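All values derive from a computational prediction rather than experimental measurement. Proteins come first, then strands; the chains are lettered A, B, ... in the order of their sequence lines, and each starts at number 1.
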2 protein chains.
Amino acid sequence: MEPAYPQPLVMVDTALFTIRDERLCLILTRRKEPPFEGLLALPGGFVHAQEDADTEAAARRVIRGKIGFDAPYLEQLFTFSGAARDPRGWSVSVVYYALIPWSSLEQSPSAEAFPVDGLPPLPFDHRQIVAKAVERLRGKATYSSLPAFLLPAEFTMNDLHQIYEQTIGARLDKASFRHKILVQDIIEPIPKHFRVGAHRPAQLYRLSSKALTPFERKI
Amino acid sequence: MEPAYPQPLVMVDTALFTIRDERLCLILTRRKEPPFEGLLALPGGFVHAQEDADTEAAARRVIRGKIGFDAPYLEQLFTFSGAARDPRGWSVSVVYYALIPWSSLEQSPSAEAFPVDGLPPLPFDHRQIVAKAVERLRGKATYSSLPAFLLPAEFTMNDLHQIYEQTIGARLDKASFRHKILVQDIIEPIPKHFRVGAHRPAQLYRLSSKALTPFERKI
DNA sequence: AGATGTTATTTGCAAAAAACAAATAAGTCT
DNA sequence: AGACTTATTTGTTTTTTGCAAATAACATCT
């Protein structure tokens with residue numbers, strides 16, 4: 001009934017996205033133990049069947065340990081497995097990705113953000129994991145409000161526009177973008193709230209309750 | 001270094017989709033061992049770190065054991081975990097879903113297909129797994145050629161149209177559908193091949209090499 | 001105060017895509 | 001041959017996009 005086989009190692013890893021200086025970045029952590037001690041890597045750890053309700057709870061524990069609070073958006077990405085990915089033996093890693101506004105990270109000093117297009121060498125199969133995470137984020141950005149979770153609670157249409165351009169990695173027409181976003185009802189203007197500056201004030205928006213509904217699309 | 005905790009059970013489960021009598025169905029298997037002996041369930045099994053290169057290899061092994069050949073389309077769906085999902089204790093199940101043309105299933109007698117909207121009671125958290133698998137399939141159908149993998153190698157435009165309607169669960173205009181599919185280049189007509197019947201013959205198509213590229217879309 | 005610079009937001013129009021309705025094509029069956 | 005049925009194309013209307021330019025709103029400078 002119980003399998004006679006030795007059990008594989010079960011762990012979680014996390015890809016924590018943020019946008020700093022208008023660039024898509026990942027939070028990395030310096031490993032304090034072997035293997036790969038001293039190297040920068042994705043934050044992760046073993047799943048403790050006693051304390052963790054499930055792997056998502058384990059991921060949340062890891063993230064809280066790293067940045068000190070919960071990520072506004074967290075989603076399971078993919079499960080990586082095999083004998084080659086970890087020198088300690090055959091392992092399974094359930095990977096989660098999260099979106100975190102840089103504004104909330106600035107105070108936690110332990111969190112260092114590295115642009116995804118200029119990452120240092122990563123241990124294990126973390127390079128592959130990052131590739132998959134970026135691909136997923138890009139993919140979802142084209143038909144959902146995901147990128148908005150990289151912004152603080154209040155943001156302007158331009159903030160949103162820029163963050164979509166960053167995550168998708170392409171130029172988007174301003175007028176069309178504005179129209180499509182408003183039609184989707186994923187954000188709502190905050191009455192009488194504007195960001196003031198040296199120029200015309202910009203309307204501030206917040207996510208609406210429909211924010212997580214994927215955009216309507218039919219084949 | 002190695003965790004002091006008892007290791008969780010690691011298994012794979014599979015959601016095997018097919019279309020029979022114009023209805024979206026799942027292949028279920030009757031459990032031969034406790035727990036839930038005798039009940040119908042998703043095909044699955046333990047991951048054997050020795051024989052399975054990774055969880056995808058384990059899934060393929062399970063599928064081959066069930067239907068006797070490889071599925072034309074296989075993709076990781078999600079990893080379910082927790083103490084409550086299996087009476088034997090805390091477990092992780094990496095779930096894969098596959099698309100299989102009914103035509104290739106008709107000969108293997110062990111494969112029984114049940115319409116997804118009329119499934120029998122399922123053990124473990126298999127009900128949840130099914131829900132997630134259907135959701136994923138529906139989602140991907142709106143922007144990819146996935147449903148085409150439920151068809152045999154040669155099919156008509158009407159076959160394809162019906163299968164999209166089935167998986168998406170909505171009506172699609174025939175003329176628009178035809179145009180969009182052809183523009184995407186995911187299928188190609190087989191020269192001089194037609195399905196003949198009591199009426200006007202229908203052009204036969206096959207998947208093109210671009211079949212797996214998701215449709216182009218911008219926000 | 002008024003001119004100027006700069007960013008935000010709206011408007012208008014041409015082009016493309018989609019939805020809808022209907023006609024035409026190509027066989028079998030009687 | 002004519003009726004019937006399904007496949008495929010065509011045409012028209014409506015909606016969405018892409019692009020360019022105009023207008024709005026403020027701070028700052030003169």
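- Side chains of A:Gln162 and A:Tyr164: a donor-acceptor N/O pair is absent below 3.5 angstrom, by distance only.
- Relative to the side chain of A:Met157, the nucleotides C:dA18, C:dT9, D:dT9 differ in distance, and C:dT9 lies closest.
- Within the nucleic acid shown, A:Ala202 comes within 4.0 Å of sugar-phosphate atoms alone, with no base atom in reach, counting heavy atoms only.
- Atom NZ of B:Lys174 is separated from atom P of D:dT6 by 9 Å (rounded to the nearest Å).
- For the pair A:Arg171 CZ and D:dC19 P, the interatomic distance rounds to 13 Å; values are reported in whole Å.
- Separating the CD1 atom of A:Ile181 from the P atom of C:dT9 is a distance of 14 Å, rounded to the nearest angstrom.
- Aromatic ring orientation, A:Phe149 versus A:Tyr73: tilted (interplanar angle from 30° to 60°).
- As rounded to whole Å, 18 Å separates atom P of C:dA25 from atom CD of B:Gln203.
- Counting only heavy atoms from C-beta outward, the side chains of A:Thr14 and A:Ile27 never approach each other to under 4.5 Å.
- Distance CZ (A:Phe177) to P (C:dT9): 12 Å, rounded to an integer number of Å.
- Look at B:Lys180 and you'll find a side-chain N or O under 4.0 angstrom from OP1 or OP2 of C:dA19.
- Spacing between atom CZ of A:Arg178 and atom P of C:dT11 amounts to 11 Å, rounded to whole angstrom units.
- The main-chain N or O of A:Asp54 is never found under 3.5 Å from a side-chain atom of A:Asp52 such that the two would form a donor-acceptor pair.
- With D:dT9, D:dT6, C:dT7 as the candidates, the nucleotide lying closest to the side chain of A:His199 is C:dT7.
- The distance from the CZ atom of A:Arg127 to the CG atom of A:Leu42 is 10.0 Å, given to the nearest 0.5 Å.
- Side-chain proximity of A:Pro201 to D:dA25, D:dT17, C:dA19: nearest is D:dA25.
- Position along DNA chain C of the nearest nucleotide to A:Ala198 versus A:Phe194 favours A:Ala198 as the more 5'-ward residue.
- For B:Arg200, the listed nucleotide lying nearest its side chain is C:dA26; candidates were C:dT10, D:dT9, C:dA26.
- At whole-Å resolution of the value, CG in A:Asp173 and P in C:dA14 are 17 Å apart.
- The nearest heavy atom of DNA chain D to B:Thr156 and to A:Ser176 marks one nucleotide each, and the one closer to the 5' end goes with B:Thr156.
- Between A:Leu204 and B:Ala175, the residue anchored closer to the 5' end of DNA chain C is A:Leu204, taking for each the nucleotide with the nearest heavy atom.
- Whole-Å rounding puts the B:Leu182 CG to D:dT8 C1' distance at 11 Å.
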